[in-house]
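When a ligand or atom number is given, it counts from 1 through the structure's own listing order. Computation of the quantities below employed the complete heavy-atom set of this structure, encompassing side-chain atoms and omitting hydrogens, waters and symmetry-equivalent molecules.
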Amino acid sequence: MAGEDARSPHVVLFPFLARGHIPAFLRLAVHLHALRPGLAVTFVSTPCLLGSLSLPATSPPIQLHALPFAPADHGLPHGAESLADLHVHQFITFFQASESLRPAFDSFVSGIRSPVCIIADAFFAWTADVARERGASHAVFLPGGAFGYAVFFSVWVHLPHTLKAGDEFPLPNFPDVVLHRTQIPRHMLAATGADPWTAFFRRVISSCRKTDAVLVNTVEELEPTGLDMLRTSFGVQTWAIGPLLAEPAPSDSQDDTSIIQWLDAHPPRSVLYISFGSQNSINTDQMTELALGLEASGRPFLWTFRPPVGLDPKDGFKPEWLPAGFEDRMAEANRGLVVRGWAPQARILAHASTGAFMTHCGWNSILESLHHGLPLVGWPLGGEQFFNAMLVVEWGVCVEMARGNTESSAIERAEVAEAVGTVMGETEKGEETRRKAGEIARAMAAAWEGPGGSSAVSLEGFLRCVETSVR
Ligand SMILES: O=c1ccn([C@@H]2O[C@H](COP(=O)(O)OP(=O)(O)O[C@H]3O[C@H](CO)[C@@H](O)[C@H](O)[C@H]3O)[C@@H](O)[C@H]2O)c(=O)[nH]1
């Protein structure tokens, strides 16, 4: 690696192979360069994911390094290099397959001549062992929130729902946190402790205890409790360096242009945006009730539509997934737009006509919405989303409308219309929710305002620790 400064670390960024995990790492590279211009930064991933990266306009000159990955060798579809390419039942095989990247990652790190600082996704926490063997410094980066991940990891360690009968149970290590059975994702609910899901996440957690530092995509002032929970869980220095937000990707595609034009034709803050992220969806009964509830709400909406849970976007979209005549009625009245596949979410949320976001409570979606002061209608579906929803409800910026996408998690159209009306309407609760969302937006902005913002101070503190350790 010619031209490297032997005293400053070469930072290796290694996000997990999931679309929702990459934007925060890209934004981290931007902040690292702002603090240390000229720092060598390499972004490591698989060939397909690197090929599909759309680097933001402000992207610093990062190097890319591809690790060979053969999903088919692990019984996965050929070319499935991201969670978004898979069904939920294949996720665990994918998690296990991702551990096969270790020899190639190790060989890449061992070839770097200057001191190395690995910043790896929590799901790649095994890189802590590589760092130890190669004399590198190591940090785990959590692209999610502190509370959400702290609860998620605690549930995997203790499986508290298996310890106690009844619908509600406390976390053994954080008894103030009481969960309801409907907040436990499907794979956790089925876990026995001897299953591959539990084994994978317990490996992740024990590796997180071997790292030198944990970086979290959150704001110290907003998540003191969650950050303390992580510090207790892992026993390592933990730095809040968020929000690290996806930058609106430049796009001149006709589809994106027509979406923005559709928004242009609506009054300020009048449109509800609906999306369940890059890898989750709801079931067909829920789609029907959601559609009819949106119609009943009387408010304009823009719905990013993925096929029902268990079905593949590559196999196309079927008209019967939506109620007969629904799309035509909505189009004629200029009431609703259904976007199939991928939408320019960051641009939609930045648009003046967008007034609220119905979300699965993926952490990036939460941050992107609150960054613009937009309140949330929550519908957590998997992973740590249920616990993220608890946090944003506590912040007073979200009405949780529904939970889960199993057969037992039914939702009725009247509940949809009511939740949308509460958040977007001229109700006391709606006004309060919007006011609090504005407060969170200001706290998020302050974290990166000038060198004294709490996240700027944290990232600087982390870098100094790394620089001291590599001298
Ligand atoms: O049509 C779409 C759909 C999504 N996005 C973007 O994709 C990202 C989605 O991220 P997120 O909201 O966090 O959802 P997931 O993709 O589901 O994220 C995974 O990763 C998150 C961070 O760890 C976790 O919080 C979630 O539970 C996990 O499912 C965001 O940046 C969106 O702007 C688009 O641009 N267009």
A.B. asks: Any nitrogen or oxygen of A343, main chain or side chain, under 3.5 Å from a nitrogen or oxygen of ligand 1?
C.D. replies: yes
A.B. asks: Is there a side-chain contact between R231 and D228 (heavy atoms, below 4.5 Å)?
C.D. replies: yes
A.B. asks: Starting from atom 24 (C) of ligand 1, which protein heavy atom do you reach first, and at what distance in Å?
C.D. replies: E384 OE2, 3.3 Å
A.B. asks: For ligand 1, which atoms sit closer than 4.0 Å to a heavy atom of H21?
C.D. replies: 20 (O), 23 (O)
A.B. asks: How are the rings of H161 and F169 set relative to one another: parallel (under 30°), tilted (30 to 60°) or perpendicular (over 60°)?
C.D. replies: tilted
A.B. asks: Ring centres under 6.0 Å, that's the criterion: do F91 and H187 meet it?
C.D. replies: no
A.B. asks: Could you see which bit of F357 sits under 4.0 Å from ligand 1, with heavy atoms only: side chain, backbone, both or neither?
C.D. replies: neither
A.B. asks: When you measure from atom 9 (C) of ligand 1 to each heavy atom in C361, G383, G20, which option holds the nearest one?
C.D. replies: G20
A.B. asks: Of the protein's non-hydrogen atoms, which lies at the shortest distance from atom 33 (O) of ligand 1, and what is that distance?
C.D. replies: E368 OE1, 2.7 Å
A.B. asks: Considering only the protein, which heavy-atom contact is closest to atom 16 (O) of ligand 1, and what is its distance?
C.D. replies: S278 OG, 2.4 Å
A.B. asks: I need the nearest protein heavy-atom contact for atom 17 (O) of ligand 1: residue, atom name and distance, please.
C.D. replies: H360 NE2, 2.9 Å
A.B. asks: For atom 32 (C) of ligand 1, state which one of R306, R340, Q345 supplies the nearest heavy atom.
C.D. replies: Q345
A.B. asks: Output, in order, the C-alpha distance, side-chain angles, deciding distance and verdict of ring pair (Phe, Tyr, Trp, His ring centres under 6.0 Å) for F152 and F386.
C.D. replies: CA-CA 9 Å; F152 183 72; F386 301 92; 9.9 Å; no
A.B. asks: Drop me the distance from L374's CG to L349's CG, to the nearest 0.5 angstrom.
C.D. replies: 6.0 Å
A.B. asks: Do F153 and F234 have ring centroids that are under 6.0 Å from one another?
C.D. replies: yes
A.B. asks: At a 4.0 Å threshold, what atoms of ligand 1 neighbour a non-hydrogen atom of N364?
C.D. replies: 10 (O), 11 (P), 12 (O), 13 (O), 22 (C), 30 (C), 31 (O)
A.B. asks: Test your reading of the model: is there a side-chain donor-acceptor pair from T211 to the backbone of S207, 3.5 Å cut-off?
C.D. replies: no
A.B. asks: What protein heavy atom lies closest to atom 12 (O) of ligand 1? Include the residue and the distance to one decimal.
C.D. replies: S365 OG, 2.5 Å
A.B. asks: Hey, which atoms in ligand 1 end up nearer than 4.0 Å to a heavy atom of T304?
C.D. replies: 1 (O)
A.B. asks: Do the rings of F305 and W303 sit parallel, tilted or perpendicular, given the 30° and 60° boundaries?
C.D. replies: perpendicular
A.B. asks: Considering non-hydrogen atoms of the protein only, which is the closest contact for atom 34 (C) of ligand 1, and what is the distance?
C.D. replies: W342 CZ2, 3.2 Å
A.B. asks: Ignoring hydrogens and angles, tell me if any N or O in the side chain of R202 forms a donor-acceptor pair with the backbone of V157 under 3.5 Å.
C.D. replies: yes
A.B. asks: Measure the acute angle between the ring planes of W156 and W197, then classify it against the limits of 30° and 60° as parallel, tilted or perpendicular.
C.D. replies: parallel
A.B. asks: For atom 23 (O) of ligand 1, what is the closest protein heavy atom, and at what distance to 0.1 Å?
C.D. replies: Y149 OH, 3.2 Å
A.B. asks: Any idea which part of N280 is under 4.0 Å from ligand 1, heavy-atom wise: side chain, backbone, both or neither?
C.D. replies: side chain
A.B. asks: Below 4.0 Å, non-hydrogen atoms only: which portion of R19 touches ligand 1? Side chain, backbone, both or neither.
C.D. replies: neither
